[in-house]
Number of protein chains: 2
Amino acid sequence: MLVMVAHAAPAAASATTAAVSPAPTFSPLYRQIKSLILQRLESGEWRPGEAIPSETELAQRFNVSQGTVRKAIDEMAAENLLTRRQGKGTFVATHEDPRAFFRFLRLVPIAGGVEPARSIPIECWRAKAGPEAARMLALQVSDPITIVRRVLHFSGKPVVVDEIYLPGEIFGNLTLEMLRDFQGSVYSLFETEFGVRMIRAEERLRAVPADRMSAELLNVREGTPLLSVERVSFTYGDKPVEWRRGLYSTAEHFYLNELG
Amino acid sequence: MLVMVAHAAPAAASATTAAVSPAPTFSPLYRQIKSLILQRLESGEWRPGEAIPSETELAQRFNVSQGTVRKAIDEMAAENLLTRRQGKGTFVATHEDPRAFFRFLRLVPIAGGVEPARSIPIECWRAKAGPEAARMLALQVSDPITIVRRVLHFSGKPVVVDEIYLPGEIFGNLTLEMLRDFQGSVYSLFETEFGVRMIRAEERLRAVPADRMSAELLNVREGTPLLSVERVSFTYGDKPVEWRRGLYSTAEHFYLNELG
DNA sequence: GAGTGGTCTAGACCACTGC
DNA sequence: CAGTGGTCTAGACCACTCG
């Protein structure tokens with residue numbers, strides 16, 4: 001049945017759209033399988049850290065060959081949505097994995113050493129979205145939001161000061177205690193406690209002078225150049241669910257980026 | 001013949017190394033094909049922008065199935081070493097491609113618009129490598145190097161001031177005139193005139209105050225926070241061939257980074 | 001229409017994990 | 001040993017480009 005849909009789709013697509021636009025040409029079978037798997041992930045049917053059914057079983061279930069399922073999973077593994085483990089199975093990616101840590105925090109000490117960051121939450125409060133937060137989070141102005149202020153320490157020293165803006169609809173129950181008590185990264189908490197998995201993010205970097213409050217928190221002089229990092233994070237379906245403004249002290253750390 | 005090597009390799013490898021270390025387990029056939037193709041690229045047999053032989057021909061040549069060649073090329077396309085064009089062939093990736101531009105210059109205007117950067121070379125001279133340049137370029141101290149200073153303009157305004165350090169052995173003939181006259185990016189010139197193709201790079205970002213010279217060139221006040229971007233670029237075989245220090249004015253631009 | 005990459009299949013066998 | 005992902009093959013057909 002799925003096969004028929006698969007073969008019918010491109011023909012129908014080109015028939016209806018060819019005269020309008022040449023863009024949406026063709027959707028191969030493995031992409032349809034991919035979006036079926038994606039649906040299961042979005043719906044929470046297969047949860048972070050769990051194994052999904054084996055390739056052969058998915059192939060039977062979807063009535064396609066194992067190679068087609070494989071190609072779908074290949075792409076999703078490349079996008080860090082799934083993780084393959086030979087001999088064990090294919091697993092839904094999770095931020096519990098320490099590898100995921102440095103994918104989202106690219107700060108490295110100038111002088112060697114790989115100490116993990118320690119997050120120290122300062123405040124957590126509710127507010128109404130201003131125009132900027134609303135735009136970034138695709139909300140309406142004055143929709144409820146939750147804001148977290150915190151500091152990140154590396155080997156005991158404050159290096160990053162952060163403000164995290166979250167949609168109140170999802171994160172209305174977030175409290176300072178949860179942030180304090182949770183073992184693991186913030187994204188790990190979001191995933192475990194709120195069922196929200198961050199897939200990708202965009203960061204915008206600038207150099208700015210330290211304001212008084214940040215200077216105090218980071219133990220630098222007011223006006224010291226800091227790295228300003230604005231991040232919007234997206235979950236499934238490219239839905240923005242976090243907006244973050246961070247100031248990084250780059251006296252003893254740098255932001256490492258790989259250009260592929 | 002190659003097939004025999006392929007099948008013999010893992011057995012031999014595990015026989016000799018199993019007792020020593022469990023690391024270098026197994027090299028599948030498609031990776032051997034991949035490194036054969038890589039050799040052709042490194043040697044310049046297939047040059048940037050040119051088409052490589054078709055998959056079927058490579059399969060015959062290497063005595064493997066087309067699917068195996070395909071998988072090798074798949075990986076190399078994912079690494080931006082090759083570019084596939086349906087119906088036309090597979091091509092060696094090149095920095096002439098405008099897509100390659102923003103892979104290596106992630107500066108975006110805050111207020112919309114996608115004006116291309118204009119590179120204005122200021123100086124180009126020979127020098128001897130200091131300890132830092134030597135380390136970054138994997139040279140000996142006092143080996144010859146070539147240094148370029150330049151400014152990047154966006155819509156007529158200076159935004160980036162750059163110093164580029166290059167191994168003299170390769171870039172001994174680089175002149176200010178070449179930089180001025182060449183149409184296209186610096187990497188495009190390196191590729192065309194010096195046969196050096198940049199594959200990947202690492203950037204280290206910090207926020208620093210503008211020194212007097214940079215402040216003048218960028219038309220900002222001394223001490224203004226600037227984004228310091230240090231880059232080491234690598235060619236085939238992870239050989240470093242460029243070290244760059246740039247100062248970016250982030251008054252009207254930001255550095256955009258995608259976290260996947 | 002010939003040639004290229006892109007998709008899909010079916011089946012064999014290998015490497016790894018865990019019972 | 002059974003079950004999983006990983007590799008390799010051979011062949012069919014589709015989509016795209018170009019002369």
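Atoms considered below: every heavy atom in the structure, side chains included; atoms not considered: hydrogens, waters and symmetry mates. Just so we're on the same page: letters track the sequence lines, and every chain starts at 1.
For B:E230, the salt bridge (charged side-chain N to carboxylate O under 4.0 Å, His left out) partners two or more places apart in sequence, or in a different chain, are B:R245. Every residue meeting the salt bridge (charged side-chain N to carboxylate O under 4.0 Å, His left out) condition with B:R204, not counting sequence neighbours, appears here in chain and number order: B:E202. Not counting sequence neighbours, B:D181 has no partner by the salt bridge (charged side-chain N to carboxylate O under 4.0 Å, His left out) test. By the salt bridge (charged side-chain N to carboxylate O under 4.0 Å, His left out) test, A:E45 pairs with A:R40, sequence neighbours left out.
Here the shortest heavy-atom pairing between B:G49 and B:T94 reads N-CB, 4.0 Å.
In this structure, CZ of A:R84 is placed 16 Å from P of C:dC16, rounded to the nearest angstrom. Rounded to an integer number of Å, the gap from CD of A:Q86 to P of D:dG3 is 17 Å. With rounding to whole Å, A:R85 atom CZ is found 14 Å from C:dG18 atom C1'. Rounding to whole angstrom units, CG of residue B:L82 and C1' of C:dG5 are separated by 13 Å. One can place CZ of A:F91 at 10 Å from C1' of C:dT17, the figure rounded to the nearest angstrom. The distance between atom CG of A:L29 and atom C1' of D:dC13, rounded to the nearest whole Å, is 14 Å. If you measure from atom CG of A:N63 to atom P of C:dC8, you get 14 Å, rounded to the nearest angstrom.
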Stepwise side chain to side chain donor-acceptor pair (under 3.5 Å) test for B:Y165 and B:T146:
CA-CA 6 Å; B:Y165 299 76; B:T146 300; over 6 Å; no
Verdict with reasoning, B:R150 to B:S119, per side chain to side chain donor-acceptor pair (under 3.5 Å):
CA-CA 7 Å; B:R150 60 168 195 164; B:S119 167; 3.2 Å; yes
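Across residues 65-78 of chain B, B:S65, B:T68, B:K71 each have a non-hydrogen atom less than 4.0 Å from an atom of DNA chain D (numbered order). Within residues 52-61 of chain A, the residues approached by DNA chain D to less than 4.0 Å at the level of any non-hydrogen atom are A:S54, A:E55, in residue-number order.
When side chains are defined from C-beta on, B:F194 counts as touching B:L174, because their heavy atoms get closer than 4.5 Å.
In this structure, B:K88 does not reach the D:dC16 phosphate: none of its side-chain N or O atoms is under 4.0 Å from OP1 or OP2.
Between the side chains of B:E203 and A:Y255, no donor N or O sits under 3.5 Å from an acceptor N or O.
Relative to the side chain of B:V64, the nucleotides C:dG5, D:dG5, D:dT9 differ in distance, and D:dT9 lies closest.
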